[in-house]
2 protein chains.
Amino acid sequence: MMELTRKGEYAIRGIVYLAAQPVDRVCLLSDIAAAVDVPATFLAKIFQQFSKIGLVKSYRGTGGGFLLGRVPEKITLLEVVEAVEGPIIPNRCVVGAGECARDVSCTVHPVWKKVQEQVRAALEGVTLKDLAGG
Amino acid sequence: MMELTRKGEYAIRGIVYLAAQPVDRVCLLSDIAAAVDVPATFLAKIFQQFSKIGLVKSYRGTGGGFLLGRVPEKITLLEVVEAVEGPIIPNRCVVGAGECARDVSCTVHPVWKKVQEQVRAALEGVTLKDLAGG
DNA sequence: CCTAACAAGACTTTTTTTATCCTTTTAGGG
DNA sequence: CCCTAAAAGGATAAAAAAAGTCTTGTTAGG
């Protein structure tokens with residue numbers, strides 16, 4: 001359980017690769033995909049999600065490609081993971097009131113809340129700079 | 001991401017219900033299923049898994065049913081969750097050497113390791129006694 | 001030996017994940 | 001202005017996992 005999907009794995013590989021490139025080096029999706037060994041069409045979808053929230057910048061047409069939306073030290077692993085996997089929710093009952101039909105006195109609730117917080121904290125404490133080994 | 005499956009959720013509900021019963025009260029699967037609102041056939045599978053590893057004891061035939069394999073304070077949430085969901089593995093690369101094909105220098109590795117440890121610790125710190133509100 | 005209950009395995013359905021393909025949009029260069 | 005390069009977006013398909021059901025077997029009590 002608690003397993004990152006392949007999509008998440010690919011997402012990390014792809015953006016870490018970008019973070020390891022020289023600043024302002026525009027990378028082709030096809031090059032990134034080949035370098036990190038991910039199907040290009042799938043990585044395209046992932047980078048579209050990144051692009052929408054500004055994690056990466058994209059340029060179309062000749063000479064186009066991708067580069068990081070911010071400096072690597074300002075992008076956390078949490079952002080990357082949540083961008084493609086959605087929020088970290090160990091159990092539906094941590095989402096909010098009413099979601100946990102098992103009543104007000106759901107004793108497991110605080111446990112999942114704690115798990116959620118710890119995982120988020122762990123991922124938030126790591127930046128792309130750390131991962132790219134700048 | 002990181003979401004408990006319905007099976008895990010059902011497993012917790014079922015065994016917490018057992019833990020809340022008077023000691024030595026043998027419970028019918030059908031009663032448990034009705035009480036915690038889980039399909040009886042599905043809960044049967046879950047309790048079979050519990051039974052195999054001794055988390056619950058089962059008795060067949062007339063007057064049969066289930067009861068807890070140990071006192072509630074000796075059963076952790078971690079055991080319950082791992083019994084039905086398998087080990088907590090945030091990423092395949094934490095499993096062991098060789099699993100992470102991305103080389104010796106996989107920089108994300110330690111992050112997942114930490115996540116794994118924290119989640120396990122959080123779940124291990126909670127027992128069925130805590131959850132059943134003894 | 002009849003009935004109650006769990007055990008076990010096969011099977012089906014549904015949902016999610018993992019992809020691929022095709023068309024559209026944007027941009028640069030001749 | 002047209003051609004080509006590249007990403008964007010939508011639809012669809014294939015594969016895997018999760019969720020649930022069914023049937024048969026086993027064990028025990030009366």
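Residue numbers begin at 1 in each chain, while the letters A, B, ... track the order of the sequences.
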Give a yes/no answer on whether the side chain of B/Tyr10 brings an N or O atom under 4.0 Å of OP1 or OP2 in D/dA19.
no
Whole-Å distance, A/Tyr59 OH to D/dA7 P, equals 13 Å
task = Verify the contact: side-chain N or O of A/Ser51 to OP1 or OP2 of D/dA8, cut-off strictly under 4.0 Å; return yes or no.
result = yes
Worksheet item: Using a cut-off of 4.0 Å on non-hydrogen atoms, how would the nucleic acid contact of B/Phe47 be classed: base, sugar-phosphate, or nothing?
Response: nothing
note: B/Ile46, atom CD1; C/dC6, atom P; distance rounded to Å ~ 14 Å
Do the side chain of A/Lys45 and the base of C/dA19 come within less than 3.5 angstrom through a donor-acceptor pair of N or O atoms? no
Side-chain atoms of B/Pro39 come closest, of C/dA5, C/dA7, D/dT21, to D/dT21
Here the distance between atom C1' of D/dA7 and atom CG of A/Asp31, to the nearest Å, is 14 Å
Taken to the nearest whole Å, CZ/A/Arg6 to C1'/D/dA15 is 10 Å
Treat each ILVMFWY residue as a node, draw an edge where side-chain heavy atoms are under 4.5 Å apart, and state whether A/Leu55 and A/Val26 are in one component. no
Which of D/dG20, C/dC6, D/dG10 is nearest the side chain of B/Ser58? It is C/dC6
Walking DNA chain C from its 5' end, the first of B/Leu29 and A/Phe42 to be reached, judged by nearest nucleotide, is B/Leu29
Heavy-atom nearest pair, B/Pro90 first then B/Met2, reads CB-CE, 4.0 Å
Rounded to the nearest 0.5 Å, the CZ atom of A/Phe66 sits from the CG atom of A/Leu28 at a distance of 9.5 Å
task = Apply the test side-chain contact (heavy atoms from CB on, under 4.5 Å) to residues A/Gln21 and A/Cys27: give CA-CA distance (whole Å), side-chain angles for both, the deciding distance (0.1 Å), then the verdict.
result = CA-CA 9 Å; A/Gln21 299 307 305; A/Cys27 296; 3.7 Å; yes
For the residue pair B/Gln118 and A/Lys114, confirm or rule out a side-chain donor-acceptor distance under 3.5 Å. no
Rounded to whole Å, the NZ-C1' distance (B/Lys52 to D/dT26) equals 15 Å
Winner on side-chain proximity to B/Arg60, out of C/dT18, D/dA6, D/dT27, is D/dT27
Check nucleotides 1-3 of chain D for protein N or O atoms closer than 3.5 Å to its own N or O atoms and list the pairs.
none

N or O in side chain of A/Thr5 less than 4.0 angstrom from C/dT18 OP1/OP2 = yes
From CD of B/Glu3 across to P of C/dT16 the rounded distance in Å is 10 Å
With salt bridge (Lys or Arg N to Asp or Glu O under 4.0 Å) as the criterion, how do B/Glu79 and B/Lys74 come out once you've worked through the C-alpha distance, each side chain's angles and the decisive distance to 0.1 Å? CA-CA 10 Å; B/Glu79 287 179 282; B/Lys74 286 274 175 59; over 6 Å; no
Between A/Gln48 and A/Thr62, the residue closer to the 5' end of DNA chain D by nearest nucleotide is A/Thr62
side-chain contact (heavy atoms from CB on, under 4.5 Å) between B/Val108 and A/Arg13, worked out:
CA-CA 9 Å; B/Val108 230; A/Arg13 283 196 221 164; over 6 Å; no
Separation of D/dG20 atom P from B/Asp37 atom CG, nearest Å, is 11 Å
Rounded to whole Å, the CD-C1' distance (A/Glu85 to C/dT16) equals 12 Å
**Asked** Using a distance-only test with no angle check, is there a side-chain donor-acceptor pair under 3.5 angstrom linking A/Asn91 and B/Glu9?
**Response** yes
